[in-house]
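These notes are about the structure you will find just below.
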Number of protein chains: 2
Amino acid sequence: MERKRARSGEIRLTEVAKLAGVSPITASRFFRNPQALSPSKRERVASAAKELGYVPNLAARALASQRTEVIGVLIPSLTNNVFSDVLRGIYDASEGSRYSIQLANTRYSILQEEKLLRLFQAQKPAGLIVTGIDQTAESRSVMETMHCPIAQIMEIGPDPVDMMVGFSHYDAAFAAVSHLLAQGFRRIGFLGAQMDPRVQRRLQGYRDAMKAASLFDPRTIVTTPVPTTVTLGGTLFADLLSRTPDVEAVICVNDDLALGVLFECQRRHISVPEDMAIAGFNDLEFMAAAVPSLTSVRTNRYEMGRLAVSMVTAAIDGNRPPNPVVDLGFELMVRQSSSARSL
Amino acid sequence: MERKRARSGEIRLTEVAKLAGVSPITASRFFRNPQALSPSKRERVASAAKELGYVPNLAARALASQRTEVIGVLIPSLTNNVFSDVLRGIYDASEGSRYSIQLANTRYSILQEEKLLRLFQAQKPAGLIVTGIDQTAESRSVMETMHCPIAQIMEIGPDPVDMMVGFSHYDAAFAAVSHLLAQGFRRIGFLGAQMDPRVQRRLQGYRDAMKAASLFDPRTIVTTPVPTTVTLGGTLFADLLSRTPDVEAVICVNDDLALGVLFECQRRHISVPEDMAIAGFNDLEFMAAAVPSLTSVRTNRYEMGRLAVSMVTAAIDGNRPPNPVVDLGFELMVRQSSSARSL
DNA sequence: CGCCCAAAAGGTAGCGCTACCATTTTTTTG
DNA sequence: CAAAAAAATGGTAGCGCTACCTTTTGGGCG
C-alpha cells in the first residue's frame, strides 16, 4: 500500500462523487453543465460539494480538457489613465462571464509584446486582447498559432489579425484641429509625448488638417518620446513658445499635457482662451472641471474594453460577431478653452 | 491502434527528449534547473527544444508538481491612480522573477474580496497580495487555508495575516494637519470621498490633530461615499464654504479633490494660499505642476508594490524576511498652496 | 405490454508533466 | 587503484480532471 506521491490533501471530485453517490464524471458534469443532470442528482452533488468544501483544481481541468478559461490582455502601460479605463471595462465584462483575465504590460515595446505573447502561449488562453495594430511579424505569427479569438483594441485599421474595437486617431485629431480652425485660430501648435503609434497617427491627422487649410508649419510641432506628465506639458509649451511666439492655440496629444499647458499659461499670465486656446485628447474627467474648462476629444474607453471581452467570449462560444471591426468613434467636447477668437 | 483522445497537436516534452536523446525527466529538469544537467545534455536539450519550438504546458506542470507560479493580487480599484502605481511596482517586480500576476478588482467591497479569494483558491497561487487590513473573518480563514505567503499592502496595523507593507494613514494625515496648523491656519476643513478604511483613518488623524490644538469643529468635515473625481472636489468645497464660510484651509483625502478645490477657488476668485490653503494626499505628479503648486503627502506606492512581490517571492523560496511588517513611511511635500499666513 | 429512442449516468483511459525512487556514471579520497 | 561519495540520469507511476464511448434508465406510443 505504498503511496508513491504526496497527495495535495485537498478534496477531489472523486470524493464529492462518492459522497453524493454518483460517478465522478457525473459530478464533473455538475460543475460544467448542471442542466445535464437530473434534478435529484444535481441536488445531491451540490450538497456534497458544499459539505466537503470542494474547490475544483483548475490545472487538472485545463490539462484534461485541453483548454482554459483565461483571456490574455496586453496593454502598453499601467499608469496611463487611458488604459485604466479600458481595463475597467475588461474586468467588468469578464466578471459577468466565466473567463478570467491574465494581464501583462508591454511598456510600449513591441519586442516586449512579442516576448509576452510567447509566455501566453504556454497558458493556452481561450482568447486574447492586444493593444494597437502595430505588432511585429513574429508576434502576428505567434498569434496565429494560438488558434483563439483575438481582439485588437484602441484603434482600427486594415488587416485585422482577427477582430478590432477602436476608433480612428487620425480622424479624431483631424476633427479637433478642424474645430480650432473653425474657431478662427490660424497658428496652431502640436504638443506630443510618448510617441506611440496612436500618437503618431494623431500627429498625421493634425498635419493633414493644417495642410488642408494651407497653414502647416513644421516649427509648431513639438514632440518627445519621454512619457507624458503634466509637468512635461508645461515644458513642451515653453519650447513651443520660444520657437514660435505667435502661436494662438495648441492641441495636445493627451489631457495631461493640456493641463500642463493651462498651468504654464497661468504661470505666465497668458489668458485662456483669449491669448491661447487649448485642446486635449481623451477627455479625462478633470478637463470639464478645469478653469477654464478644457476642450478634448472624448473616446469610449470603458466600452472598448467591455466590447472587446464580449466579442472575444462570443467568438470562443462560436458566435463570432458578423462585423469583426467595430469603430466606436469619438466625440469632440468643445469647452471654454477653445472658444472662438473675438477679433 | 485506436486513439481514444484528441491530442493537442503541440510539441510535448517527450518529443524534445527523444530528439535530444535523453529521458523525459532529464528534459524536464532542463527547464526547471538547467545546472542539474551536464553541459553536453544541456546543450542537446536546448537545441532540441528550440528546433521543435517547444512550449511547456503550464497546466500539466501545475498538476504534476502541485504548485503554480502565480501570485494573486487583490486591489479595490483599477481607476484610482494610487493603485496603478502600486500595480506598476508589482508587475515590474514580477518580471524579474519567475512568477506571474493574477489580478482581481474588489471594487472597494470586502464581500467581493471574499468571493475573489475563493476563486483564487482554485488556482492554488504560490503567493497573495491583498489591499488593506480590513478583510472579513471569512476572508481571513480562506487566506489561512491557502498555505501561501500573503502580503497586505497600503497600510500597516496590528495582527497581520502574514506580512505587511504600507504606512500609517493616520500619522500621515496628522502630520499634514500639523503642518497647516504650524503655518498659522486655525479653521481647517476636511474633504473626503470614497470613504474606504484608509480614508477613515486619515479622517481620524485629522480629528486628533485638530483636537490636540483645541480647534476641532465637526462642521468643517465634509465627506461622501461617492468615488473621487476632480469635479467632486469643487462640489465638496462649495458645501464646506456654505457651511463654514470662515475656513482658511482645506485638507483633502486625495489629490483629485485638492485639484478640484483649486479650480473652484479660481472660479470664485479666492486666491490660494492667501485666502485659502490647500493640501492633498498621495502627491500625484500634477500637484507640483499646478499653479500655485499644491502641498501633498507623498507615499512610495511603486516601492510598496515592488517590495510586496519581493517579500512574497522570498517567502515562497523559504527566505521569509526577518521583519514581516514594513513601514514605508511618507513625506510631506510642502508647496505654495500651504505657505504661511502672512498676517 | 413491448418496442424504440432520447436522456442520463457510468467506465476507462488518458491530458503532459514531475515526484520519487533506483540506477548509472563520474569524482573524490585514503 | 579500489572503495566510497557525489552527481547525473532514467523508469514508473501518478497529479485530478474530462473526452469518448458504452450502458442504463425513463418515457412516449402503437
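Side-chain atoms are counted along with the backbone in the values below, which use heavy atoms only and exclude waters and symmetry mates. Here the structure is a predicted model, which means the values were calculated and not measured.
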- Over how many whole Å does the gap from A/L37 atom CG to D/dG26 atom P extend? 15 Å

- Message: Between B/S310 and B/R306, do the side chains contain a donor N or O and an acceptor N or O under 3.5 Å apart?
- Response: no

- Message: D/dT18, OP1 or OP2 - any side-chain N/O from A/S28 closer than 4.0 Å?
- Response: yes

- Message: Output the rounded distance in Å from CG (B/L13) to C1' (D/dG10).
- Response: 13 Å

- Item | Distance, rounded to the nearest Å, where A/Q66 contributes CD and C/dG14 contributes C1' | 10 Å

- Note on the structure: To the nearest angstrom, the CZ-C1' distance between A/R29 and D/dC20 comes to 10 Å

- Query: Does atom CZ of A/R42 have more than 12 heavy-atom neighbours, drawn from other residues, nucleotides or ligands, at distances under 6.0 Å?
  - Reply: yes

- Message: Looking at B/E95 and A/R107, is there a salt bridge between them, counting it only when a charged N and a carboxylate O are closer than 4.0 Å?
- Response: yes

- Task: Fit a plane to each ring of B/F31 and B/Y54, take the angle between them on a 0 to 90° scale, and name the class: parallel (under 30°), tilted (30 to 60°) or perpendicular (over 60°).
- Result: tilted

- Message: Tell me the interatomic distance from B/N57, atom CG, to C/dT18, atom P, rounded to whole angstroms.
- Response: 9 Å

- Does A/S23 put a side-chain nitrogen or oxygen below 4.0 Å from OP1 or OP2 of C/dG10? yes

- Could you tell me the separation between the CZ atom of A/F30 and the P atom of D/dC17, rounded to a whole number of Å? 14 Å

- Message: For B/K18, is there an ion pair with B/E15 - N to carboxylate O distance below 4.0 angstrom?
- Response: no

- How would you label the contact of B/R42 with the nucleic acid (heavy atoms, under 4.0 Å): base, sugar-phosphate, or nothing? nothing

- Message: Is the phosphate of C/dG10 approached by A/T26 (side-chain N or O, under 4.0 Å from OP1 or OP2)?
- Response: yes

- Please figure out whether A/P24 or B/Q35 has its closest DNA chain D nucleotide nearer the 5' end. B/Q35

- Message: Counting only side-chain nitrogens and oxygens, does A/R67 get under 4.0 Å of the OP1 or OP2 atom of D/dA19?
- Response: yes

- Task: Using a cut-off of strictly less than 4.0 Å, decide whether B/R32 has a side-chain nitrogen or oxygen near OP1 or OP2 of C/dT18.
- Result: yes

- For DNA chain D, whose closest nucleotide is more 5', that of B/L63 or that of B/G21? B/G21

- Atom pair distance, as rounded to whole Å: CD1 in A/I25 and C1' in D/dG16: 12 Å

- Item | Nearest-Å distance for atom pair CZ/P, residues B/R12 and C/dG14 | 12 Å

- Query: Below 4.0 angstrom from OP1 or OP2 of C/dG16, is there any side-chain N or O of B/Y54?
  - Reply: no

- Task: Indicate whether OP1 or OP2 belonging to C/dA9 is found under 4.0 Å from a side-chain N or O atom of A/S38.
- Result: yes

